[in-house]
Amino acid sequence: MEIIRPHVEQVLSPALQQLGITNENWKSMIAPSREKSMGDLSLPCFAFAKQLNMAPNEIAEKLQSLIENNDIIDEINSTAGYLNFKASANWLADYVVSGNVRIGDALGGLPTGAKSVLIEHTSANPNGPFHVGRARNAILGDTLVRLHRLYGNEVRSEYYVDDMGKQVAVLAWALANLKPEQVDDILSDRESINDMWNNKPDHERVRWYQAAQVLRNDDSVKEGIEKAIADMVHASENGDDEVLAAFENAYQPVLDGMLETLNRLRINFDEFTKESLFVTNGDVSKIMEKLSTLEIHGVADNGAEYLDLGTRGLKGKTEFYFRRGDGSSLYATRDIAYHIWKFSQCNNLINILGEDHKLQSKQVSLTLNELGYDSPEVLFYSFIKLPEGKMSTRKGNVVFMDDLLEEAKAHAANLVREIRTDYSDVEITEIAEAVGTSAVRFNIIKVSPDKGFTFRWEEALAFDSDSAPFIMYSHTRSRSISNKCLALGITFDIIDNSKLQNENHEIPNSMYELLRVMVTHNDALSKSVEQNRPNLFANQLLNLANSYNGFYRDCKVISNGKVNEMYLAVSEIASKLMKSGMIGLGISPLEQM
RNA sequence: GGACGUAUAGUGUAGUUGGAUAUCACUCUGGCCUUCUAAGCCGGCGACCCGGGUUCGAAUCCUGGUACGUCCGCCA
């Protein structure tokens with residue numbers, strides 16, 4: 001509870017001086033109380049023991065006796081060597097109803113003049129539909145975009161389109177050379193496409209890609225295909241307009257299909273940047289020339305060039321190749337050009353990458369440093385696997401995001417139909433879509449990114465206490481109260497705040513607990529944003545919803561047809577916090593469910 | 001073989017960067033709907049991978065194991 005820190009320091013400072021503690025290291029020792037029942041902030045007194053030649057609990061007791069309670073901190077206790085400070089419930093209530101808790105705006109509408117950041121995420125090869133593994137990137141990335149906006153940062157989200165690599169070349173080759181019957185024939189032993197996605201281009205065209213991959217492993221034809229593909233890749237790297245246009249015609253519909261899926265998850269981009277841009281505009285060759293002049297530069301027998309990053313902290317294989325023997329660039333080289341361009345747009349860069357990119361990212365980062373640039377911040381995530389093992393498009397054991405979203409929606413619809421018999425089909429569909437997509441997002445966000453997890457249908461479709469619907473449900477309760485009060489002619493806006501303040505209210509314990517969560521809301525947000533860990537804020541929102549439920553149980557806003565204005569004020573502000581927080585996580589705040 | 005990451009109740013997870021009786025949820029179990037949506041609330045059971053070290057104090061830091069994941073292409 002950072003808001004009371006200055007007040008704690010103020011009363012603590014003279015007391016510590018009296019004991020003979022003069023330097024101010026103690027300020028950094030004040031931390032949120034681990035035992036929430038004991039206090040909001042605590043000072044562990046163990047470190048003073050030696051200097052003062054006293055037992056920690058004696059020191060805590062002594063300090064306690066030297067400090068008087070005040071209006072803000074109305075409880076100071078000492079136990080087990082800790083000095084605990086508790087904020088006054090009345091002060092917290094005043095603080096909250098006076099509108100001091102920053103609500104924030106996850107849509108970025110509140111200009112705060114804070115940092116501006118460019119977040120690159122997803123950037124998946126446009127060769128097939130999203131499966132839930134690939135989607136972890138998009139969901140983490142978009143959530144980070146939203147949270148930064150909620151926090152007040154100016155954010156630009158980018159998708160880096162890989163429009164010139166081998167994967168796109170394979171797709172383009174297949175579309176130009178294979179007839180539908182051939183593709184069906186080659187893939188005859190596979191599960192056929194889900195009828196629902198028959199006309200969705202990412203699902204359609206990925207079959208051409210898969211068929212080509214099969215042929216590339218077929219000894220009787222592979223030589224000619226490899227040659228044709230290599231020629232296309234080579235031409236694209238030399239900026240051949242015709243080939244690049246053919247590539248674009250091949251992948252753009254696929255990309256559109258993929259974006260349709262993301263759009264359903266409320267994931268959007270401000271800008272798409274094509275990899276080929278940095279080849280055709282000459283940036284890549286300029287960078288390669290510059291890298292050639294560096295001290296750590298080296299040349300292989302066939303003329304390929306690399307940097308030896310061993311002296312820059314890279315372990316294992318230290319050569320980082322940036323130019324092939326034939327003079328062309330590599331993916332990483334182009335990525336360096338892209339990063340330099342990104343730095344020209346924005347000072348703070350964040351990348352969302354799978355853990356398989358760790359080495360590559362390190363190489364790019366060290367090379368950027370070599371050229372005088374900063375390193376981007378990177379959020380790495382582990383892969384999602386299936387109970388049967390790794391997800392692999394090749395083996396056919398994938399769960400497509402499109403299928404997951406349909407299942408989630410259907411599951412939600414069944415649930416709504418069961419418990420809300422008075423809802424219309426239109427309402428049910430709307431609610432089911434919101435609940436399904438929100439639940440899918442939240443299940444991925446709530447887990448720490450560096451933890452690999454196993455996708456299980458029953459977990460993905462569990463809509464109880466640890467899920468988005470739980471949060472959404474608390475929010476609809478608050479909306480329902482609001483609407484009932486409106487019907488009685490009382491709204492939050494017309495309540496006279498000054499009437500609520502400076503009074504000694506009866507504050508039930510569950511309301512006090514809710515207030516405590518509310519005033520730490522922005523502590524959690526700032527930590528989540530500064531450390532690029534969306535799961536921390538997901539947890540905060542669960543706590544907020546949970547404590548709102550306790551408040552809802554004990555504090556009847558409307559009782560015998562009369563509105564308790566204090567309760568209404570707290571409920572409304574909590575409601576706004578839940579709503580903005582949900583938008584920050586990409587969860588749909590509903591009015592009813 | 002080397003580099004990096006992960007390891008917490010039966011299951012899934014949190015842990016504010018070294019502090020108190022380790023969080024939450026599922027499962028199991030006992031209770032709560034004639035007043036604001038029971039997708040909810042209240043109670044019970046149950047865990048820090050193994051060994052050493054640093055420290056007043058270690059789930060957290062160091063070190064050695066073990067298990068799992070990822071990488072170690074002039075691929076992307």
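Throughout, protein chains are lettered first and strands after them, A, B, ... in sequence-line order, and every chain is numbered starting at 1. On a predicted model such as this, the values are computed, not experimentally measured, just so you know.
- Whole-Å rounding puts the A:Gln531 CD to B:G15 C1' distance at 12 Å.
- A:Leu544 places its CG atom 16 Å from the P atom of B:C24, with the value rounded to the nearest Å.
- Note on A:Lys556: a base of the nucleic acid sits closer than 4.0 angstrom, heavy atoms only.
- Using a 4.0 Å cut-off, some side-chain N or O of A:Lys451 falls inside it from OP1 or OP2 of B:A7.
- Closest approach to the A:Gln167 side chain among B:C71, B:A76, B:A20 is made by B:A76 (side chain taken as heavy atoms from C-beta onward).
- Close to B:C36, at under 4.0 Å from its OP1 or OP2, lies no side-chain N or O of A:Arg477.
- Base pairing of B:U6 is made with B:A67, judged by Watson-Crick or G-U wobble geometry with both donor-acceptor distances under 3.5 Å.
- One can find a donor-acceptor pair under 3.5 Å joining the base of B:C74 and the side-chain atoms of A:Asn302.
- Across the protein-nucleic acid pair, A:Phe380 atom CZ and B:A3 atom P stand 18 Å apart, rounded to whole Å.
- Nucleic acid contact class of A:Ser382 (heavy atoms, under 4.0 Å, all strands): none.
- Judged by distance alone, with hydrogens and angles left aside, the side-chain atoms of A:Asn560 form no donor-acceptor pair with the main-chain N or O of A:Lys562 at under 3.5 Å.
- As judged by a 4.0 angstrom heavy-atom cut-off over every strand, A:Val168 is placed among residues making no nucleic acid contact.
- Nearest nucleotide to the A:Ser465 side chain, out of B:C74, B:A3, B:A25: B:A25.
- Across all strands shown, A:Leu536 has heavy atoms under 4.0 Å from sugar-phosphate atoms exclusively, and none from any base.
- A:Phe247 has its CZ atom 12 Å from the C1' atom of B:A76, to the nearest Å.
- In this structure, A:Arg479 reaches neither bases nor backbone, as no heavy-atom distance under 4.0 Å exists between it and the strands shown.
- For the residue pair A:Ser42 / A:Arg34, no side-chain donor-acceptor distance below 3.5 Å is found, with atom types taken as modelled.
- Using atom C1' as the reference point in both B:U11 and B:G46, the two lie 12 Å apart (nearest Å).
- Side chains of A:Asn539 and A:Arg533 form no contact here, defined as non-hydrogen atoms less than 4.5 Å apart.
- Inspection of the A:Tyr321 and A:Thr333 side chains reveals no N or O donor paired with an N or O acceptor under 3.5 Å.
- Ranking B:C75, B:C36, B:A20 by closeness to the A:Thr79 side chain, first place goes to B:A20.
- Remark: A:Arg477 qualifies as a cation-pi partner of A:Tyr552 under the 6.0 Å distance and 45° angle criteria applied to the six-membered ring.
- What separates CG of A:Leu461 from P of B:A25 is a distance of 21 Å, to the nearest Å.
- A:Glu305 comes within 4.0 angstrom of nothing in the nucleic acid, heavy atoms only.
- Comparing B:C72, B:A76, B:C4 by their closest approach to the side chain of A:Lys315 singles out B:C4.
- Here the nucleotide nearest the side chain of A:Arg420, chosen from B:A39, B:C72, B:A76, is B:A39.
- Contact annotation: A:Lys358 does not reach the phosphate of B:C72 (side-chain N/O to OP1 or OP2, under 4.0 Å).
- For A:Ser42 against B:A20, a side-chain N or O and a base N or O form a donor-acceptor pair under 3.5 Å.
- Counting non-hydrogen atoms under 4.0 angstrom, A:Ser448 reaches the backbone sugars and phosphates but no base.
- Among the protein residues, A:Ile419 comes within range of the nucleic acid bases, having at least one heavy atom under 4.0 Å from a base atom.
- Distance, A:Phe46 CZ to B:C56 P: 13 Å, rounded to whole Å.
- Between A:Arg324 and A:Glu237, the closest side-chain pair of non-hydrogen atoms falls below 4.5 Å.
- You won't find any donor-acceptor pair under 3.5 Å spanning the side chain of A:Asp450 and the base of B:A7, going by distance alone.
- Summarising the base pairing, B:C61 is matched to B:G53 through a Watson-Crick or G-U wobble pair whose two defining distances lie under 3.5 Å.
- Taking atom CD1 on A:Ile59 and atom C1' on B:C56, their separation rounds to 11 Å, with Å as the unit.
- A sub-4.0 Å separation between OP1 or OP2 of B:C41 and a side-chain N or O of A:Asn546 is present.
- Within the nucleic acid shown, A:Tyr473 comes within 4.0 Å of at least one base atom, counting heavy atoms only.
- Contacts of A:Glu237 with the nucleic acid, taken as non-hydrogen atoms under 4.0 Å apart, involve only primed sugar atoms and P, OP1 or OP2.
- Contact annotation: A:Arg553 side-chain N/O to B:G40 OP1/OP2 distance is not under 4.0 Å.
- Using a 4.0 Å cut-off between charged side-chain N and carboxylate O, A:Glu248 and A:Lys274 make a salt bridge.
- The backbone N or O of A:Gln592 lies less than 3.5 Å from no partner atom in the side chain of A:Arg479, so there is not a single donor-acceptor pair.
- Of the candidate nucleotides B:U16, B:C75, B:C74, B:U16 has the atom nearest to the side chain of A:Arg34.
- Each of A:Pro32 and A:Asn543 was assigned the nucleotide of RNA chain B with the nearest heavy atom; the assignment lying further toward the 5' end belongs to A:Pro32.
- Base orientation for B:C33: syn, the chi torsion being within 90° of 0.
- What separates CG of A:Asp466 from P of B:A14 is a distance of 10 Å, to the nearest Å.
- Using a 4.0 Å heavy-atom distance criterion, A:Ala31 is classed as making no nucleic acid contact.
- Anti is the conformation of B:U63, whose glycosidic angle sits further than 90° from 0.
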